[in-house]
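All heavy atoms count here, side chains included; hydrogens, waters and symmetry mates do not.
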Amino acid sequence: MFEAASIDKRLSQRLSLLELFALALCAAMVLVFAWYQLHGGNGAYDLTNYLRAGQGDTSFHFYASWILPLYTLLGFMHPVAAFVLWNLANIAGVFAATRVFGGGSKAASALLTYQLFYTLYYGNITGVLLGGMALCWWGLTHKRWGLAGLGLTLLLTKFQLGVPLGLALLCLADLSWRERAYSAVVPLLALLVSLAAYPHWPVEVIGTILSNPPNDLSSISLWQWLGPLAVLLWLPVLLPLSKTKRLILLTATTALSLPYFQHTDLLALFVLPIGWVPLAGNLSFYLFAKYSWPGLKALAIIPLGIYLWIGVPATWQWLQARLASKR
């Protein structure tokens with residue numbers, strides 16, 4: 001499913017009616033949100049902070065500084081035009097990721113979710129990052145190291161999402177260590193250039209996180225209840241698994257075990273081949289309306305269900321094999 005030929009076949013498929021509807025709805029919602037902001041609405045909170053970071057105000061910027069030149073370029077545009085362009089990139093990123101990692105008409109299920117609409121309303125970066133994730137895997141499977149590195153650089157912009165998923169892609173690819181090193185050239189260059197332009201940015205990001213931590217009202221990580229014990233959730237990832245199941249399990253584990261994981265980042269799980277499960281993300285409409293931000297924490301049940309679906313059988317099979325070997 002994740003091989004080059006399969007990916008190219010999915011990328012060349014015609015849009016299904018459901019995919020066409022989902023893309024049209026997402027694009028229409030971008031225009032609605034843009035109209036709302038043009039008439040005094042208070043959306044685009046995230047994109048506003050990104051654009052401010054591009055102008056030098058990084059007080060609400062928690063990401064790698066190699067993304068700042070992109071924000072600066074967007075800052076030359078009218079704010080509404082920048083909002084529309086940025087969100088079209090978000091939609092394209094999510095759709096590309098569903099085609100690269102999932103495919104079929106079920107790809108629409110990731111688009112028709114509260115998590116994507118939330119991303120579009122606030123101008124969040126998640127969809128753009130997933131576009132980088134898709135480009136990285138396409139490049140790795142096609143041995144196009146520059147494109148793989150470019151996608152990896154984009155994915156790594158958000159550390160808590162990009163580092164585990166980026167490492168997973170590099171390890172899952174059927175490559176030699178030298179070839180993996182080739183894919184790391186562009187991220188390394190991006191790091192060096194960003195340090196030359198903004199010498200203290202890693203320290204500044206850490207300082208910003210400590211002094212002005214990200215809003216965690218809708219974080220779904222189990223760390224908030226289990227503490228460091230959540231790290232033990234990574235153990236089943238080491239068991240024998242197919243490439244597809246390992247990536248799905250690793251992504252679910254990332255959501256559950258990190259100290260901070262926003263519900264919008266569930267899109268990283270939704271673009272994988274998990275059927276219609278992403279539509280469960282639309283429980284958010286009820287949860288938010290009924291319980292406000294804390295209600296969204298209940299979305300932890302989605303990655304937890306995926307984790308148990310893959311992790312429990314894998315653990316049981318491993319235990320059976322161990323017991324059989326001792327007889």
When you group the ILVMFWY residues by side-chain heavy-atom contacts below 4.5 Å and let the links chain together, are [Y] and [X] in the same group?
X	Y	result
V237	L170	yes
L111	L25	yes
F62	L47	yes
L226	L308	yes
L217	Y118	yes

Can you check whether [Y]'s main-chain N or O pairs, donor with acceptor, with [X]'s side chain at less than 3.5 Å?
X	Y	result
S6	F2	no
W138	R144	no
S65	L68	no
S242	K245	yes
W86	G123	yes
T157	T153	yes
N124	A44	no
R52	F60	no

Which is it for H263 and Y114 under the ring-ring contact (aromatic ring centres under 6.0 Å, His included) test, yes or no, and what are the steps along the way? CA-CA 10 Å; H263 73 97; Y114 179 94; 5.8 Å; yes
Quick one: list whatever passes side-chain contact (heavy atoms from CB on, under 4.5 Å) with L85, sequence neighbours left out. L74, M77
Where do Q262 and S219 land on the side chain to side chain donor-acceptor pair (under 3.5 Å) test, with the steps shown first? CA-CA 4 Å; Q262 274 287 8; S219 175; over 6 Å; no
S59 vs T208, test: side chain to side chain contact (heavy atoms under 4.5 Å, CB included). Steps then yes/no. CA-CA 6 Å; S59 55; T208 300; 5.8 Å; no
Do [X] and [Y] get their side chains close enough for a donor-acceptor pair, meaning under 3.5 Å?
X	Y	answer
T58	E204	no
S284	Q115	yes
N87	N90	yes

Mind telling me whether Y121 and F33 have parallel, tilted or perpendicular rings, with 30° and 60° as the class edges? perpendicular
Report the relative orientation of the aromatic rings in F285 and F117; use parallel for angles under 30°, tilted for 30 to 60°, perpendicular for over 60°. tilted
Separation between [atom1] of [X] and [atom2] of [Y], rounded to the nearest 0.5 Å:
X	Y	atom1	atom2	result
L165	L129	CG	CG	10.0 Å
Y182	L140	OH	CG	14.0 Å
L250	L272	CG	CG	10.0 Å
T251	L269	OG1	CG	6.0 Å
Y260	I220	OH	CD1	11.0 Å
L120	C26	CG	SG	6.0 Å

4.5 Å side-chain heavy-atom contact, [X] and [Y]:
X	Y	result
R246	L172	yes
H61	I67	yes
Y36	N42	yes
H78	L38	yes
T244	P273	yes

Mind listing the closest non-hydrogen atom pair of [X] and [Y] along with its distance?
X	Y	value
L15	F95	CD2-CZ, 3.4 Å
L156	P187	CD1-CB, 4.4 Å
L279	L112	CD2-O, 3.7 Å
A134	V100	CB-CG2, 3.9 Å
A27	I91	N-CD1, 3.8 Å
G75	L51	N-CD2, 4.0 Å

Could you walk me through whether L152 and L169 pass the side chain to side chain contact (heavy atoms under 4.5 Å, CB included) check? CA-CA 9 Å; L152 183 59; L169 296 183; 5.8 Å; no
Around atom NZ of K143, are there more than 12 heavy atoms of other residues, nucleotides or ligands at under 6.0 Å? no
CG/L17: more than 12 non-hydrogen atoms of other groups inside 6.0 Å: no
Kindly list each side-chain donor-acceptor pair under 3.5 angstrom involving residues 290-307, sequence neighbours excluded, with atom names and distances?
from	atom 1	to	atom 2	distance (Å)
K297	NZ	D216	O	3.2
K297	NZ	Q224	OE1	2.8
Y307	OH	L233	O	2.7

Mind running ring-ring contact (aromatic ring centres under 6.0 Å, His included) on Y63 and F159 for me, showing each step along the way? CA-CA 7 Å; Y63 311 129; F159 312 112; 7.6 Å; no
Inspect the contact between E19 and R99 and indicate whether a charged nitrogen and a carboxylate oxygen are less than 4.0 angstrom apart. yes
ring-ring contact (aromatic ring centres under 6.0 Å, His included) partners of residues 200-231, not counting sequence neighbours, each pair once: W66-W201
May I have the step-by-step check of side chain to side chain contact (heavy atoms under 4.5 Å, CB included) for K158 and V163, ending in yes or no? CA-CA 8 Å; K158 188 171 184 178; V163 171; over 6 Å; no
Please report the C-alpha distance between W234 and S257 in whole Å, then the side-chain angles of each, then the deciding distance to 0.1 Å, and finally whether the side chain to side chain contact (heavy atoms under 4.5 Å, CB included) criterion is met. CA-CA 8 Å; W234 285 94; S257 65; 2.7 Å; yes
